[in-house]
Amino acid sequence: MKNLVGFCVLISAFLLSCTVQAKKHHKTTPLSSQGTDCTQIKALSPQATSGVYVIKPHNVKAPFKVYCEMRSDGGWTVFQRRSGGEVSFNRKWAAYKKGFGNLTYDHWLGLRKVFSLTEKKNKTWTLRVDLWDHETDTAHAEYTHFRLGSAKQAFKLHVGKYSGTAGNAIHDQNGYGFSTINRDNDGCSPCIFGDIAVMECAESDGGGWWYSRCGSASLNGDWHPAGDHIGWASGLHWKTWKTHAPYSLNATRMMIKSA
């Protein structure tokens, strides 16, 4: 019996050692980059399908994972996706800077990563915003020369020429820094809506965004299901497409492609 107990102790110690070594190996194994961005991956492998890939922009030390939307017009790096209320976007500055959510589902890639992609001046980027309502309609907006400013500039939004079917809802947000509930960089000081004065758009519209004035475009507010999606200040709004009482969209996607 004593021999059996001793044997079990030895086996347990061995298994524990293997587990510790496996965890150490998992933590120290570096990611292997598959390209500088999704556009390059698609160009190198035309048959590549949509999914999670590892990229390493030229100016970053460590590779990171992104979701690539592989389309006939190239590979797009997705940095925002909304399709339900499971992932909360009501988060503070640090979370929006780092990123959160599940890359294969709803997520925000992170301002720091998007900045690292668009920082280099030898590439130009196109931003595409895809929108789905609660009925059967879809719309999109594309912007040339997309990039973000540095963290010191509050990841200021820069976009160029608009094209698409959704309308140019972020036109007046061009040149504004990103705002969250604990970091105010919007254009309201205050903004007046009837007899209501709003100092911070992140408080009324929710989530984080490049607010100039509240209510124009904001895709990171609270998600509302069908039947509970009209009239809310905090929602997924693109005012130039759904122009009546605030309409919270069913799903959104933001992604970028390099040239």
Side-chain angles (χ1 to χ4, degrees), residues 22-23 25-89 91 95-120 122-133 136-144 146-148 155 164-166 207-208 219-220 223 236 238 249-259:
K23 288 182 177 179
H25 178 74
H26 175 73
K27 289 181 179 179
T28 57
T29 301
L31 294 173
S32 179
S33 172
Q34 295 164 277
T36 57
D37 58 57
C38 297
T39 309
Q40 186 189 65
I41 293 173
K42 179 66 172 177
L44 294 174
S45 303
Q47 302 306 313
T49 58
S50 298
V52 176
Y53 291 83
V54 179
I55 65 170
K56 185 180 184 300
H58 291 300
N59 52 325
V60 302
K61 294 180 180 179
F64 54 87
K65 294 180 179 180
V66 297
Y67 189 92
C68 295
E69 188 70 28
M70 301 303 192
R71 295 160 43 100
S72 59
D73 60 350
W76 295 77
T77 304
V78 177
F79 71 87
Q80 190 257 26
R81 188 202 304 267
R82 306 291 303 275
S83 63
E86 184 176 331
V87 176
S88 172
F89 276 62
R91 307 201 185 208
Y96 273 99
K97 182 178 179 180
K98 181 180 179 181
F100 54 85
N102 186 328
L103 289 175
T104 60
Y105 183 55
D106 291 356
H107 70 278
W108 176 261
L109 181 61
L111 292 164
R112 187 165 48 194
K113 292 185 178 74
V114 179
F115 166 72
S116 72
L117 279 163
T118 63
E119 179 183 10
K120 286 291 185 180
N122 62 342
K123 282 187 177 182
T124 59
W125 291 85
T126 299
L127 166 67
R128 181 180 174 97
V129 182
D130 289 308
L131 309 172
W132 292 264
D133 67 11
T136 59
D137 295 330
T138 64
H140 74 276
E142 287 192 11
Y143 295 88
T144 63
F146 167 81
R147 66 181 178 87
L148 295 186
F155 300 105
T165 59
L219 301 180
N220 291 335
W223 183 85
L236 284 59
W238 196 268
L249 300 166
N250 184 34
T252 68
R253 179 176 62 194
M254 302 178 72
M255 53 190 186
I256 54 177
K257 180 181 71 171
S258 64

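Computed from a prediction, not measured in an experiment: that's the story for all the values here. The first residue of the sequence shown is numbered 1, and numbering continues consecutively from there.
- Here Arg91 pairs with Val87, Ala95, Tyr96, Phe100 under the side-chain contact (heavy atoms from CB on, under 4.5 Å) rule; sequence neighbours left out.
- Shown here for Pro57 and Phe64, the closest heavy-atom pair between the two residues is CD-CE2, 3.7 Å.
- Side-chain atoms of Glu69 do not come within 3.5 Å of backbone N or O of Trp76 as any donor-acceptor pair.
- Qualifying salt bridge (charged side-chain N to carboxylate O under 4.0 Å, His left out) partners for Asp130, counting only residues two or more places apart in sequence or in other chains: Arg128, Arg253.
- Every residue two or more places apart in sequence or in another chain was checked for a ring-ring contact (aromatic ring centres under 6.0 Å, His included) with Tyr53, and none qualifies.
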(request) Begin from the C-alpha positions of Ile55 and Gln34 and carry the test side-chain contact (heavy atoms from CB on, under 4.5 Å) through to its verdict. (result) CA-CA 6 Å; Ile55 65 170; Gln34 295 164 277; over 6 Å; no
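- A cation-pi geometry, defined here as NZ or CZ lying under 6.0 Å from the six-membered ring centre and within 45° of its normal, holds between Arg81 and Tyr67.
- Taken from CG in Asn250 to OG1 in Thr136, the straight-line distance is 11.5 Å, to the nearest 0.5 Å.
- Between Lys123 and Asp37, at least one side-chain N (NZ, or NE/NH1/NH2) sits under 4.0 Å from a carboxylate O, which counts as a salt bridge.
- To the nearest 0.5 Å, the span separating NZ on Lys98 from CG on Leu109 amounts to 12.5 Å.
- Evaluation of the side-chain contact (heavy atoms from CB on, under 4.5 Å) rule for Thr252 yields Gln80, Arg82, Leu131, Leu219, Leu236, Leu249 as partners, not counting sequence neighbours.
- Atom OG1 of Thr36 and atom NZ of Lys56 lie 10.0 Å apart (nearest 0.5 Å).
- Atom CG of residue Asp73 and atom CZ of residue Arg71 lie 4.5 Å apart, to the nearest 0.5 angstrom.
- In this structure, Glu119 contributes its side chain and Phe115 its backbone to no donor-acceptor pair below 3.5 Å.
- Between atom OG of residue Ser45 and atom CE of residue Met70 there is a gap of 8.0 Å, rounded to the nearest 0.5 Å.
- Thr77 OG1 to Leu127 CG: the interatomic distance, rounded to the nearest 0.5 Å, is 12.0 Å.
- For the pair His107/Phe79, no side-chain contact is recorded, criterion being any heavy-atom separation below 4.5 Å from C-beta on.
- The minimum heavy-atom distance between Asp106 and Ser83, with the atom names listed, is OD1-OG, 2.7 Å.
- Under the salt bridge (charged side-chain N to carboxylate O under 4.0 Å, His left out) criterion, Lys113 pairs with no residue, sequence neighbours left out.
- Not one N or O on the side chain of Thr165 forms a donor-acceptor pair closer than 3.5 Å with the backbone of Ala139.
- In this structure, Ser116 has no side-chain hydrogen bond (donor to acceptor under 3.5 Å, both in side chains) partners at least two apart in sequence or on a different chain.
- Side-chain N or O atoms of Lys42 include none that pairs as donor or acceptor with a backbone N or O of Gln47 at under 3.5 Å.
- Looking at Thr118 and Phe146, their side chains come closer than 4.5 Å, going by heavy atoms from C-beta outward.
- Without hydrogens or angle criteria, Asp133 side chain to Asp137 main chain gives a donor-acceptor distance under 3.5 Å.
- Side chains of Val66 and Cys38 form a contact here, defined as non-hydrogen atoms less than 4.5 Å apart.
- Put simply, the side chain of Trp125 gets close to the backbone of Leu117: a donor and an acceptor are under 3.5 Å apart.
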